[in-house]
Amino acid sequence: MAKKYWLMKTEPSVFSFEDLVKAPGKTTAWEGVRNYQARNLMRDEFQLGDLAFIYHSGIAEPEIAGIAEIAKTGYADPFAMDSKSKYYDADAKKKGVNPWFLVDVRAKKRFKKSVTRSELKNCKALAGMMVLRKGARLSVQPVTEAEFKTICELSDLENV
DNA sequence: GCCAACGTTGGC
DNA sequence: GCCAACGTTGGC
């Protein structure tokens, strides 16, 4: 199947692209997504080797910091059933059914300089991009191949 | 800090 | 099953 492209949001104060680079094996579980649409994408659509932009939100200048690859496809998010986790889902635990999924991601490419949201907005070819739409809160979003290539051209790639 | 947009919840 | 109220996200 053809490779797919994604955008995954994170607040860098919680977990940044640099944190991913520093993680063991440059890999981490992308836990804590508690939205059904995003879950469905991770459960059903993410493929091994797909590429994902890591997007920093909740900061003065939101940005795409780099590219990660999917290192493990969707599996049950263990943090949902862990009462000590901040991502604990008491309702799921009570029912004994964990509805939440996650994937593992590995840092692949760091942008020498992050591509900022205003740079994305200034790029005509990206006018239809989901993350630029007002109120687009989905934390895991599909990105088209054309959008992916355009953003790679905007960036200055460097191997991690 | 403000507030618009969105998803979820719960009363009816 | 509708929809108002609420909580959260996230840009600005």
Side-chain angles (χ1 to χ4, degrees), chain A residues 4-23 28-46 50-68 70 73-105 107-144 146-148 150-156:
Chain A
K4 295 181 182 175
Y5 302 93
W6 308 99
L7 179 144
M8 303 173 86
K9 292 184 192 169
T10 180
E11 291 187 32
S13 61
V14 177
F15 190 85
S16 69
F17 188 81
E18 283 308 304
D19 292 330
L20 179 60
V21 171
K22 286 187 215 135
T28 194
W30 202 259
E31 75 270 12
V33 174
R34 296 292 176 265
N35 167 283
Y36 287 106
Q37 217 180 327
R39 179 212 59 182
N40 291 348
L41 292 173
M42 292 198 292
R43 186 190 61 190
D44 305 332
E45 302 291 333
F46 275 55
D50 281 358
L51 299 178
F53 290 128
I54 302 300
Y55 179 89
H56 288 164
S57 67
I59 53 177
E61 184 141 52
E63 61 187 16
I64 295 174
I67 300 171
I70 305 311
T73 53
Y75 62 103
D77 182 344
F79 295 88
M81 305 302 254
D82 175 2
S83 61
K84 290 187 291 293
S85 168
K86 68 171 170 171
Y87 301 117
Y88 179 53
D89 182 343
D91 194 49
K93 182 78 169 187
K94 201 165 59 183
K95 289 181 182 152
V97 180
N98 181 1
W100 302 116
F101 278 68
L102 49 63
V103 297
D104 286 358
V105 299
K108 183 158 176 82
K109 300 272 187 184
R110 170 198 297 132
F111 292 164
K112 277 184 190 163
K113 193 177 153 300
S114 294
V115 180
T116 65
R117 183 178 178 87
S118 57
E119 287 176 283
L120 298 176
K121 280 201 285 193
N122 287 336
C123 182
K124 270 216 172 71
L126 299 174
M129 205 178 166
M130 185 184 291
V131 76
L132 298 180
R133 287 215 295 269
K134 198 175 177 183
R137 288 166 46 177
L138 194 59
S139 61
V140 170
Q141 306 181 357
V143 171
T144 68
E147 288 163 352
F148 191 88
T150 299
I151 292 166
C152 287
E153 284 162 16
L154 288 177
S155 74
D156 202 357

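Below, chain A is the first sequence line, B the second, and so on; all start at residue 1.
- The aromatic ring centres of F53(A) and Y5(A) sit 6.0 Å or more apart.
- Ranking dG7(B), dG11(C), dG10(C) by closeness to the K9(A) side chain, first place goes to dG10(C).
- Protein atom CD of E11(A) is 9 Å distant from nucleotide atom P of dG11(C), rounded to whole Å.
- Computed from coordinates, the E61(A) CD to dG11(C) P distance equals 11 Å when rounded to whole Å.
- We find the OG1-CG distance between T73(A) and D44(A) to be 11.0 Å, quoted to the nearest 0.5 Å.
- Aromatic ring centres of W100(A) and Y36(A) lie closer together than 6.0 Å.
- For dC12(C), one of the phosphate oxygens OP1 or OP2 lies less than 4.0 angstrom from a side-chain nitrogen or oxygen of R117(A).
- For Y55(A) and dG11(C), the shortest distance from a side-chain N or O to OP1 or OP2 is below 4.0 Å.
- Following rounding to the nearest Å, K134(A) (NZ) and dA4(B) (C1') show an atom-to-atom distance of 6 Å.
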Next item on the list: Walk me through it: do Y87(A) and D82(A) pass the test side-chain hydrogen bond (donor to acceptor under 3.5 Å, both in side chains)?
Entry: CA-CA 8 Å; Y87(A) 301 117; D82(A) 175 2; over 6 Å; no
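- Protein atom NE2 of H56(A) is 17 Å distant from nucleotide atom P of dC12(C), rounded to whole Å.
- Distance L132(A) CG to dG10(C) C1': 13 Å, rounded to the nearest Å.
- Rounded to whole angstrom, the span from the CZ atom of R39(A) across to the P atom of dT8(B) amounts to 10 Å.
- Atom CD in E119(A) sits roughly 17 Å away from atom C1' in dG11(C) (whole-Å rounding).
- Rounded to an integer number of Å, the gap from CG of D89(A) to P of dT8(B) is 12 Å.
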